[in-house]
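Heads up, the thing below is written out as structure tokens.
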Amino acid sequence: MGDYLANLNPEQLKAVTLPRESALILAGAGSGKTRVLTTRIAHLIQSGQASPAGILAVTFTNKAAKEMLTRLSAMLPINVRGMWVGTFHGICNRLLRTHHRDAALPQLFQILDSGDQQSLIKRLAKSQGMDDEKFPPRQMQNFINNCKEAGLRANAVEAGDDFTRRMVAFYADYDAQCNREGVVDFAELLLRTFELLAKNLNLLTHYQERFKYILVDEFQDTNKLQYKWIKMLAGSNGCVFAVGDDDQSIYRFRGAEVGNMNDFVRDFAVEHVVKLEQNYRSQGHILDAANAIIAKNKARLGKNLWTSEGKGEQLRVFAAATDSEEAQYIVDEVKQLHREGMPMNEIALLYRSNAQSRVLEHALFRARLPYKVYGGLRFFERMEVKHALAYLRLAGNPDDDSAFTRVVNFPARGVGARSVEQLQEAVEQGIKPSLMSAARAGVVSGRSGTAIAQFIAIIDLLRTASENLRLPELIEEVLERSNLAAHYAAERDGQDRVENLHELVNAATLFAEEFEHGETPAGEAEADVAPVGTHQQQVLAAFLSHASLEAGEHEAAAGADALQLMTVHSSKGLEFHAVFVSGLEEGLFPHDNSMNEDGGLEEERRLMYVAITRARKRLYVTYAGTRMLHGQPRYGMVSRFVDEIPAELCKWIVLPERAQTRWNSGASSNSSWGSGGGRAPQADPDRYATAPRAKFELERPDAHPFAIGQNVQHAKFGEGVVLNFEGRGLDARIQVRFKTDGTKWLALQYAKLTAA
DNA sequence: TGTACTTAAGTTTTT
DNA sequence: CTTAAGTACA
């Protein structure tokens, strides 16, 4: 056995060296999941059980796929490229390109990202005269994607009511439109591949025999269709190595089905469920907190993380009066950590929702601390880049109506909405198959007709150029001919956009080089398929797929030693020396909106579990009594998740100087700020909801028996905090956020409320 | 056609 | 408060 097996713990070793059978690896946070996955592959190859071509490894993100490939090439002396390692979508894209004929797709089909998909839906809905109040595009997009992810075509969807029937009809029209345009959305990549294999026994058998070993990362995140896809590809004799963690399932809202783990055990007659519970990331107290929290969940396969390292520090819990005080505390602590030598990029600030980053950013900016916020627009999603790509898409496929509408009049060249409508009508009447073909047919006349002719000339020129020009030069040509570069250069704040356009050329240069070296999967088509188009057109199509499938990093500038700000969701898979989890207030984390869904609270708890397990050495948990939300103060109760952390793991932070201020500021008299020692009495919830009230009372002299922000006690619902009032006198109603029963409106007259 | 104003809504997100 | 999207107007 190779030395790659050295240093594995017994469970890891067991997982890596399992015989040829389907297995489920329950890999806790920080338990060396990726290592097990890659070592398993290396082992299968080194021991001669599999050839590289027999391996299919599927991930969710490009980042994970890349990471696996990097590690594999470090472990194996062989060329890693024979293996198929990629995202579900990347692999489907590859299969569909290879077998485009069987899949009834043009070989150079283009991929719609969610933005593209939404604009297509809007366009189609408008042309059908649908009421966008009754049928919001966003909802129709979800409907279509949900159907596809359930494996259902429009004709298979059961509609019980008129509303659904209309949606289903729209779904059918949408698919027809995609087919006309030769474009494919994300869900379609999966579904089309699934159908391709389901309908072609020969193909299916071919791949079933080829992929002797299928490995799936983040299995808890698979949706219904992905699971069916894996099941089909594995066939009766397949061997699926599924790695996942039900406790880290936080994407149910986008279709992830944790239940697939149980189904997998049943459907694949799994004999070995290997639990990886030894954690190599966090110190003891942090793990104890994570274990205690997640233990409150009922629906679990069951797992307990442990470490051979010491207990480490206690968690630091800080109750701030306001969100800005919370932010200031974090800033002060970050400065201290940095003084003690901790690199800034080893410190993360996590929050439940993006809106929370604002206060934090404000405080960081004032303190001149470098920081990086994850979650903005990605490179290929930027407007100017999308515009340039639209020209490229039209050069490759003139029937791409989405691309056509995006740029037919951008930069403005005198093609108005009416002209586009005329083209649209021609298409609807079946006179012409696409907007471009209608434009060519001279549907629009007059001055607009001339403008359209200009546009056609540009596209034709680009189309000819695309046959032989190398990709970067082609893009230069696009920027030039379309007038995009000049347009943005003339714009007041267009500097960044111009830079991004140049960056697009750079990206293309890089991509083209990698493509020529066969480093991109799309570059190695199956030998038995004759490629369509010239070589350069192949490169173009691959680049466009790349732009859709891999929209680029979420971060702004990489490399800088900056603090990392992100949502808890985007922190999954990452780790830091020090982590701040902020905004631990009822309604925020756990979030109000998730409390209505069943299983919502448990998912929020898993989210908290993910947040905690990001930290190696130091973990801060903070919350604020008052937080500005939507321009109004919002009064919060401490999150139940804070209470769920065993007291002995926590060190409650009390700032003497702030506590002093608090006493003097006239907060409620039973506030216990300033008393210290051990777990401060502040652990009681009535300590943080002591918001300044003066302003409110000025505005509403007809004071109610309670003040907004005041803590109250209800006979049935327990503790709560007053959020709002409505009406006066006997009709007055009071809104209270209760700790466990959510937010309620109560009739002041009847509710038995007492000041807490 | 582009700009200025109004209005509504605001959990999480990869491909 | 902020942002996006829609509407009115020059």
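Order of the sequence lines fixes the chain letters, A, B, ..., with proteins taken first and strands second; residue numbering starts at 1 for each chain. As a basis for the values below, the full set of heavy atoms in this structure was taken, side chains included, without hydrogen atoms, waters or symmetry mates.
- Summarising the geometry, the separation between NE2 on H89(A) and P on dT14(B) is reported as 12 Å, rounded to the nearest angstrom.
- Among the atoms of the strands shown, none is found under 4.0 Å from any heavy atom of F88(A).
- Across the protein-nucleic acid pair, K63(A) atom NZ and dT13(B) atom P stand 14 Å apart, rounded to whole Å.
- Distance, E491(A) CD to dT3(B) C1': 12 Å, rounded to whole Å.
- Within 4.0 Å of S548(A), counting heavy atoms only, lies no atom of the nucleic acid at all.
- A distance cut-off of 5.5 Å between ring centres, combined with a plane angle under 30°, places H591(A) in a stacking arrangement with the base of dT11(B).
- At the phosphate of dT13(B), OP1 or OP2 sits under 4.0 Å from a side-chain N or O atom of N354(A).
- In this structure, H630(A) forms an aromatic stack with the base of dG10(B), since both conditions hold: centre separation below 5.5 Å and plane angle below 30°.
- No side-chain N or O of S582(A) forms a donor-acceptor pair with one of R352(A) less than 3.5 Å apart.
- Rounded to a whole angstrom, the distance from the P atom of dA5(C) to that of dT12(B) is 16 Å.
- Checked against dT13(B), dT15(B), dC1(C), the side chain of T87(A) finds its nearest nucleotide in dT15(B).
- Where L189(A) and A417(A) meet DNA chain B, the nucleotide closest to each residue was compared, and A417(A) sits on the side nearer the 5' end.
- Straight-line distance from the CZ atom of R418(A) to the P atom of dT1(B): 14 Å, rounded to whole Å.
- With dT14(B), dT3(C), dG2(B) as the choices, the nucleotide that has an atom nearest any side-chain atom of R358(A) turns out to be dT3(C).
- Nearest nucleotide to the E597(A) side chain, out of dT11(B), dT12(B), dT15(B): dT11(B).
- If P411(A) and L549(A) are placed on DNA chain B by their nearest nucleotide, the residue sitting closer to the 5' end is P411(A).
- Looking at heavy-atom distances under 4.0 Å, V415(A) makes contact with sugar-phosphate atoms alone, never a base.
- The base-pairing partner of dT11(B), taking Watson-Crick or G-U wobble contacts with both distances under 3.5 Å, does not exist among the strands shown.
- The listed nucleotides are dT13(B), dT15(B), dT1(B); the one nearest the side chain of R378(A) is dT15(B).
- Rounded to a whole angstrom, the distance from the C1' atom of dT11(B) to that of dG6(C) is 25 Å.
- Regarding Q632(A), its CD atom lies at a distance of 14 Å from the C1' atom of dA8(B), rounded to whole Å.
- With 3.5 Å as the limit, one finds no donor-acceptor pair spanning the side chains of E326(A) and Y623(A).
- The aromatic rings of F543(A) and H546(A) lie parallel to each other, with less than 30° between the two planes, well short of the 60° mark.
- Donor-acceptor pairing under 3.5 Å is recorded for the side chains of N93(A) and R97(A).
- A salt bridge is defined here as a Lys NZ or Arg NE, NH1 or NH2 lying under 4.0 Å from an Asp or Glu carboxylate O, and E421(A) with R418(A) meets this definition.
- Look at N62(A) and you won't find any side-chain N or O under 4.0 angstrom from OP1 or OP2 of dT14(B).
- In this structure, F253(A) forms an aromatic stack with the base of dT12(B), since both conditions hold: centre separation below 5.5 Å and plane angle below 30°.
- Using cut-offs of 30° and 60° for the angle between ring planes, the F410(A) and Y488(A) rings count as tilted.
- For a distance-only test at 3.5 Å, the side chain of T61(A) fails to qualify as a donor-acceptor partner of the base of dT15(B).
- At a threshold of 4.0 angstrom between heavy atoms, the contacts of N409(A) are confined to the sugar-phosphate backbone, with no base atom among them.
- Remark: C1' of dG10(B) and CZ of R138(A) are 13 Å apart, rounded to the nearest angstrom.
- Considering R606(A), K296(A), R300(A) in turn, R300(A) is the only one that fulfils the salt bridge (Lys or Arg N to Asp or Glu O under 4.0 Å) rule with D247(A).
- R352(A) has its CZ atom 15 Å from the P atom of dG10(B), to the nearest Å.
- In this structure, S570(A) reaches the dT13(B) phosphate: one of its side-chain N or O atoms is under 4.0 Å from OP1 or OP2.
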